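Remember, predicted model here, so these are calculated numbers, not experimental data. These numbers come from the heavy atoms of this one structure, side chains and all, not from hydrogens, waters or symmetry mates. Every number for a ligand or one of its atoms is a count from 1 in the order of the listing.
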Amino acid sequence: MIELYLDTADVSETARFNQCFPLKGVTTNPTIVAKSKVGLTTTLANMTEVLGDTARFHAQVVSKDPHSMLAEAKKLSELPYDMVIKVPATEAGLAAIKLMKQEGIQVLATAIYTVQQGFMAALCGADYLAPYVNRIDAMNGDGVAVVRDLQLLIEKHGLSTKILAASFKNVQQAMDVMKLGIGAITLPVDVAAQMFSHPAIEPAVTQFDKDWSGVFGDKLSFES
Ligand code: G3P
């Protein structure tokens, strides 16, 4: 089954969506954590309270050079959670991914804007690739096409890397990439909420209530 994540540091929204979605865990990035004004270690502890101890967390290093990224990744990996370390797929990041994989660290290559960039990260051993679908679209690119090509390359070359598609503005983008058979996706809270919002849903449910109570009043289904 595709792994479904929320792209957030908001613990109460995570609790909300964990009730109605089969969440695998949560992804964050430095911007998301900084906006929340709560440190990563506190957020991970609070997230574990609501998601349970089988949750997987994807958290990003902020170090700049490969060896510092590796040292930071080791510390993050030592946290008592299922941690995947996010590394921007830059020149330094690709070098860091190679080092991290030698140490058996779970790695996600992030900030992926091009097929070639993602493919190199996969060849360096990244366990996950995070192409930024909406950010690519917003630059007059085709985010879904980048994901399609990456998925094709992964399959053609028999790589075990999973695409964890990220950066969405609407459900159409999310559904389009899920149709490609990707291994994982992370949704921002507003796009997650769009999964069950459609102008016809509420009127349909209201009509059921009206028709039922018109004949059976307050009775429940099994009481009728
Ligand atoms: O986690 C990184 C990615 O999800 C970025 O999303 O919405 O800032 O483009 P966004």
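- No donor-acceptor contact under 3.5 angstrom links the side chains of T48 and D53, judged on distance only.
- Between Q194 and D190, the side chains place no donor N or O within less than 3.5 Å of an acceptor N or O (distance only, hydrogens not considered).
- Listed for the Q117 side chain is a donor-acceptor partner under 3.5 Å among the backbone atoms of A111.
- For ligand 1, residues of the protein lying within 4.0 angstrom by heavy-atom distance are D7, N29, K86, Y132, R135, A166, S167.
- Counting only distance, with no hydrogens or angles, the side chain of H157 and the backbone of L159 share no donor-acceptor pair below 3.5 Å.
- Aromatic ring orientation, H58 versus Y128: perpendicular (interplanar angle above 60°, classes split at 30° and 60°).
- S63 is linked by a side chain to side chain donor-acceptor pair (under 3.5 Å) to E72, counting only residues two or more places apart in sequence or in another chain.
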